[in-house]
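Step one of this worksheet: look at the structure below.
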Amino acid sequence: MKDNILKIDTVDQYNSRMGIETLHPLVSVIDMSKAKPMRHARMSFGFYTIFLKEVKCGDLIYGRQHYDYQEGTLVFLAPGQIIGVEDNGEIIQPKGWALTFHPDLIRGTSLGRNIKNYTFFSYEVNEALHLSDQERQIVYDCLHNIGHELRHGVDKHSKTLISRNIELLLDYCIRFYERQFVTRTNVNKDVLMKFENILNDYFHTDKPRNMGLPSVKYCADRLCLSPNYFGDLIKRETGKTAQEYIQLELINMAKERILDTDKTISEIAYGLGFQYPQHFSRLFKKCVGCTPNEYRLQS
């Protein structure tokens with residue numbers, strides 16, 4: 001049976017569903033405890049949404065994954081993502097807070113130019129941000145400031161001031177995520193080890209010939225992580241992007257094969273997943289400082 005997904009395109013439509021007054025057509029701060037009781041639903045929004053849950057409220061389906069939503073958790077949704085629970089007939093009273101803002105609000109602003117830098121909008125729910133009490137208070141303060149500006153009434157300064165306050169909140173969230181990467185260092189190191197194993201296994205099968213060079217998305221999928229979260233984690237742990245790390249492992253594998261086999265450079269290139277041997281030679285020289293043939297002769 002196909003999932004029934006409720007599409008909500010505007011902030012005003014979402015406010016109406018929640019029983020909340022719309023103070024600005026493009027942005028809203030909602031105290032969910034003041035929303036009307038409602039049934040579960042799976043929803044797709046046409047705007048950015050940040051949920052802060054204050055209480056444990058059971059399973060939530062976000063994308064295709066189930067998630068046990070804990071107290072003090074932030075989840076970020078970009079337009080088009082799906083969140084919610086299938087309707088089982090139960091009536092619930094939402095709790096927590098929600099910040100919604102439409103892409104039109106931030107067009108032409110600093111936030112609009114930088115929104116793609118907030119990669120956590122493309123994270124999966126198992127990569128949600130878990131806040132300390134102090135961090136949660138900072139989030140409350142930011143939401144309060146945005147709400148205060150909304151109650152002031154819309155004027156020529158509203159767009160700039162509201163977008164700046166949202167940008168400040170997102171900048172704090174970058175800091176909080178970096179803290180979470182540090183506090184989860186053992187988990188991260190386990191991911192790094194699995195990443196290395198995935199690459200090693202990949203290069204020792206026929207996958208390079210059949211699928212080409214391993215991609216960041218391929219590795220992230222095998223680790224059940226979103227590409228953005230995976231990339232941020234690898235960068236935090238190694239100082240290299242995930243693509244740079246793949247490239248490093250590729251070159252190390254190439255060095256071994258150049259020295260340990262009687263295969264031609266072209267055969268090695270194809271075996272590593274390159275479509276054209278000259279692309280392999282060009283990358284090898286860029287990384288090592290000499291061509292594969294020169295490396296073979298020097299060793």
Side-chain angles (χ1 to χ4, degrees), residues 6-38 41 43-55 57 69 71-81 83-84 91-115 117-118 120-121 128-129 131-177:
L6 177 64
K7 292 192 68 175
I8 302 178
D9 295 322
T10 69
V11 170
D12 182 60
Q13 287 174 354
Y14 186 68
N15 289 345
S16 296
R17 173 178 168 78
M18 304 301 288
I20 299 294
E21 179 186 3
T22 297
L23 300 178
H24 190 295
L26 299 178
V27 57
S28 185
V29 175
I30 301 173
D31 178 350
M32 304 292 272
S33 66
K34 296 180 180 178
K36 64 183 181 183
M38 62 189 63
M43 295 173 284
S44 173
F45 302 136
F47 42 83
Y48 293 94
T49 311
I50 302 173
F51 286 115
L52 170 62
K53 290 299 181 181
E54 294 179 329
V55 295
C57 60
Y69 221 157
E71 181 178 355
T73 297
L74 277 178
V75 167
F76 305 82
L77 287 84
Q81 289 181 282
I83 195 168
I91 304 295
I92 58 165
Q93 174 60 56
K95 292 184 179 179
W97 291 81
L99 168 64
T100 63
F101 59 99
H102 196 276
D104 288 347
L105 175 78
I106 62 175
R107 294 192 199 284
T109 68
S110 170
L111 178 56
R113 290 187 292 272
N114 296 318
I115 191 69
N117 296 334
Y118 300 103
F120 42 73
F121 276 109
L129 178 57
L131 302 173
S132 67
D133 290 341
Q134 184 180 28
E135 291 166 348
R136 190 170 10 173
Q137 186 57 54
I138 291 173
V139 171
Y140 285 146
D141 291 344
C142 290
L143 293 175
H144 173 78
N145 290 340
I146 297 167
H148 176 76
E149 184 58 37
L150 289 174
R151 290 188 295 274
H152 179 275
V154 179
D155 59 25
K156 66 179 181 179
H157 303 290
S158 298
K159 179 175 179 176
T160 299
L161 292 171
I162 292 171
S163 64
R164 283 179 181 171
N165 275 283
I166 295 174
E167 193 168 15
L168 177 63
L169 170 60
L170 297 179
D171 286 341
Y172 272 118
C173 291
I174 288 177
R175 171 186 281 179
F176 300 158
Y177 257 115

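Values reported hereafter were calculated over all heavy atoms of this structure, with side chains retained and with hydrogens, waters and symmetry mates removed.
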Can you list the steps and then say if Tyr172 with Cys142 is a side-chain contact (heavy atoms from CB on, under 4.5 Å)? CA-CA 10 Å; Tyr172 272 118; Cys142 290; 4.0 Å; yes
Which heavy-atom pair separates [X] from [Y] by the least distance, and what is that distance?
| X | Y | result |
| --- | --- | --- |
| Cys173 | Leu74 | SG-CD1, 3.8 Å |
| Met18 | Ile30 | CG-CD1, 4.5 Å |
| Phe121 | Thr49 | CE2-O, 4.2 Å |
| Pro25 | Val11 | O-CB, 3.6 Å |
| Asp155 | His157 | OD1-N, 2.9 Å |
| Met38 | Arg17 | CE-O, 3.6 Å |

Are the side chains of [X] and [Y] in touch, meaning some heavy atoms are under 4.5 Å apart?
| X | Y | answer |
| --- | --- | --- |
| Ser158 | Glu149 | yes |
| Phe47 | Ile8 | yes |
| Thr73 | Phe51 | no |
| Leu77 | Phe45 | yes |
| Ile166 | Tyr48 | no |

Passes side-chain contact (heavy atoms from CB on, under 4.5 Å), Ile50 versus Leu170? Steps please. CA-CA 10 Å; Ile50 302 173; Leu170 297 179; 3.7 Å; yes
Ile162 vs Phe101, side-chain contact (heavy atoms from CB on, under 4.5 Å): CA-CA, chis, key distance, verdict: CA-CA 10 Å; Ile162 292 171; Phe101 59 99; over 6 Å; no
So, taking the atom named [atom1] in [X] and the one named [atom2] in [Y], what distance separates them when rounded to the nearest 0.5 Å?
| X | Y | atom1 | atom2 | result |
| --- | --- | --- | --- | --- |
| Asn15 | Thr10 | CG | OG1 | 8.0 Å |
| Asn117 | Ile174 | CG | CD1 | 7.5 Å |
| Gln93 | Met32 | CD | CE | 9.0 Å |
| Arg113 | Glu167 | CZ | CD | 8.5 Å |
| Leu161 | Thr109 | CG | OG1 | 12.0 Å |
| Asp12 | Glu21 | CG | CD | 10.5 Å |

Test Phe176 against Ile138 for side-chain contact (heavy atoms from CB on, under 4.5 Å), laying out the working first. CA-CA 10 Å; Phe176 300 158; Ile138 291 173; 4.0 Å; yes
Between Lys7 and Gly46 (side chain of the first, backbone of the second, donor and acceptor by atom type, cut-off under 3.5 Å), is there such a pair? no
Taking atom types as modelled and ignoring hydrogens, do the side chains of Asp133 and Gln137 form a donor-acceptor contact shorter than 3.5 angstrom? no
Is the ring pair Phe120/Tyr177 parallel, tilted or perpendicular, if the boundaries are 30 and 60 degrees?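 Rings of Phe120 and Tyr177: parallel, under 30°.
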